[in-house]
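Treat the numbers as computed from the prediction; the structure is a model and nothing was measured. The sequence lines fix the lettering, A, B, ..., with proteins before strands; numbering per chain opens at 1.
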Number of protein chains: 2
Amino acid sequence: MIRRLSQARERGIPEATVARLPLYLRALNGMAERALATVSSEDLAVAAGVNSAKLRKDLSHLGSYGTRGVGYDVEYLIYQISRELGLTQDWAVAIVGVGNLGRALANYGGFVSRGFRIAALLDADPEVVGDRIAGLNVEHIDELETVIERRGVSIVVLATPAAAAQRVADRVIAAGVTSILNFAPVVLAVPEGVDIRKVDLSIELQILAFHEQRKADRMTGGTAMAEEWPEAVDL
Amino acid sequence: MIRRLSQARERGIPEATVARLPLYLRALNGMAERALATVSSEDLAVAAGVNSAKLRKDLSHLGSYGTRGVGYDVEYLIYQISRELGLTQDWAVAIVGVGNLGRALANYGGFVSRGFRIAALLDADPEVVGDRIAGLNVEHIDELETVIERRGVSIVVLATPAAAAQRVADRVIAAGVTSILNFAPVVLAVPEGVDIRKVDLSIELQILAFHEQRKADRMTGGTAMAEEWPEAVDL
DNA sequence: GTCCCTTTGTGAACCGGTGCACAAAGCGGG
DNA sequence: CCCGCTTTGTGCACCGGTTCACAAAGGGAC
């Protein structure tokens, strides 16, 4: 899933830590809304669903922002994590592929709130080009390069069919984009220096199925299934 | 061939391996379509975007299904991985929350194809209850327990608003479901034995933003940003 | 059967991440 | 100012997972 995502060196934040910071940030925002001034590592850890030692170690990578005997200042910590994640600036995001999923993403308010702004919706289907979705005009994929440059798009979300994903990825990379969130069920080949994150619904379900099957097996006493190739199989 | 069966397969396939099996399966299906009979670990690894040593070790956890000097039989390996993942049986999935995302998931053909069948769509909003989506009637959330039992639902996809997710999770767990795929941006508290997988769009974007920022910093010569709390901040 | 070539399966070193346990640090009370 | 309580920050042991490198195994040629 994570490719070439840095050897976090300069400031050296471990990848696993980076992946949890958004979780802490969300928990902290909830606390700020409830007007809590400070929070202990224990309480924040519970809210974020991790253990407190891990949380303290994670935060220690950002700096020493806690007060022993007291805890962390909620607002201050929100600011520090936001800054570290780069959410104090505004990121222009383009969504390519305005099918069901693309539409859902465009309308999903959750990420627009924090630092991200959907700057463009693009699609190849003339049927949907021109539609107005979430306050934006759907533009034709031919405009891809122009739109990326003119609007300073730095993150692209791929919600295209699998067959189109690699082609679009090549184009956005050529246009200078180095961060891609891919929803298409394909392994994208990308050059060094381009960060890809992948969200794959079908893989998640398959992992669940594996564990579900295992649980079921355990219940039925773990009867050994046939190991051999069945006589007649046609796939 | 059956000699090693016990040791590797018997107990515990590493979690990291399980997470990659669907990737291999997808690559193999592509090869089967192109009528390839056998494939080497090297070729399959490239297609799946991993290195070949890892792929061989992963497959070795299922058993010894390759032939030295030749490679793996494509169809046979598809069958073995499918069986291991539990895709040879049919899983009934319920989607709770038929907003934009729920609709997108319902219409997403990708996972229906392989072992998964959407058995129900549920929502609390009387406005959408009764709608017909992807060939299914949207039912009222009050029917949750009945539907789960009657249709043998074993996997639930949560696509509800964040505020409703925990409540729905509690109910489906009480109804006997132990596998949940959660799209709501909340940390769910669940009892031991329940498997939760989480997909969080906003977290993925934030991780990308972190790396994007880092890349930008590096280009501009890594100018040190102010570390201090700005004078006037109101969030 | 023997030799050579290819490719698997795996022992072992290595690496990043986790969790424990505790010393250091801050705060409030007397 | 000192004491005792709380909570952070971290050294260290541990663990799962990755990667390397190679012996073992199979196939084909002759």
Q.
Centroid separation under 6.0 Å, is that true for the rings of A:Y72 and A:Y65?
A. no
Q: Using only heavy-atom distances, determine whether the side chains of B:S154 and A:E212 contain a donor-acceptor pair under 3.5 Å.
A: no
Q.
Can you measure B:H61 atom NE2 to C:dG9 atom P for me and round it to whole angstrom units?
A. 12 Å
Q: Give a yes/no answer on whether the side chain of A:Y72 brings an N or O atom under 4.0 Å of OP1 or OP2 in C:dG26.
A: no
Q | Under 3.5 Å donor-acceptor pair, B:R68 side-chain atoms to C:dT8 base atoms | A | yes
Pairs: protein N or O with nucleotides 28-30 of chain C N or O, under 3.5 Å:
none

**Q.** Pair A:N29-A:E33, side-chain donor/acceptor within less than 3.5 Å
**A.** no
**Q.** salt bridge (Lys or Arg N to Asp or Glu O under 4.0 Å) between B:R26 and A:D200, intermediate numbers included
**A.** CA-CA 12 Å; B:R26 181 176 292 155; A:D200 196 314; 2.7 Å; yes
Q) Taking only N and O in the side chain of B:T67, is any of them less than 4.0 Å away from OP1 or OP2 of D:dG26? A) no
**Q.** Between C1' of D:dG16 and CD1 of B:I13, the distance in whole Å
**A.** 15 Å
Q: Figure out the NZ/P separation between B:K54 and C:dT8, and round it to whole Å.
A: 17 Å
Q | Heavy-atom pair with the smallest gap, counting every atom of A:I78 and A:L25 | A | O-CD1, 3.8 Å
Q) Just how far, in rounded Å, is C1' of C:dG17 from CD of A:E15? A) 12 Å
Q | Nearest-Å distance for atom pair CG/C1', residues A:L59 and D:dG9 | A | 11 Å
Q) Counting only non-hydrogen atoms, which of residues 32-53 of chain A are less than 4.0 Å from DNA chain D? A) A:S40, A:S41
Q: Using a 4.0 Å heavy-atom cut-off across all strands, classify B:T17 as base, sugar-phosphate, or nothing.
A: nothing
Q.
Between B:T88 and B:R83, do the side chains contain a donor N or O and an acceptor N or O under 3.5 Å apart?
A. no
Q. Would you say the side-chain atoms of B:Y24 and B:D58 include a donor-acceptor pair closer than 3.5 Å?
A. yes
Q) Knowing that exactly one of A:I95, A:L101, A:V168 qualifies, which makes a side-chain contact (heavy atoms from CB on, under 4.5 Å) with A:L158? A) A:V168
Q) Should B:R56 be listed as having a side-chain N or O under 4.0 Å from OP1 or OP2 of C:dG11? A) no
Q: Using atom CG of B:L62 as one end and atom P of C:dT10 as the other, report the distance to the nearest whole Å.
A: 12 Å
**Q.** Distance, rounded to the nearest Å, where B:Y65 contributes OH and C:dG9 contributes P
**A.** 11 Å
Q: Please check if any side-chain donor atom of A:Y76 sits under 3.5 Å from a side-chain acceptor atom of A:Q80, or the reverse.
A: yes
Q. For the pair made of NZ in B:K57 and C1' in D:dG16, what is the distance, rounded to whole Å?
A. 12 Å
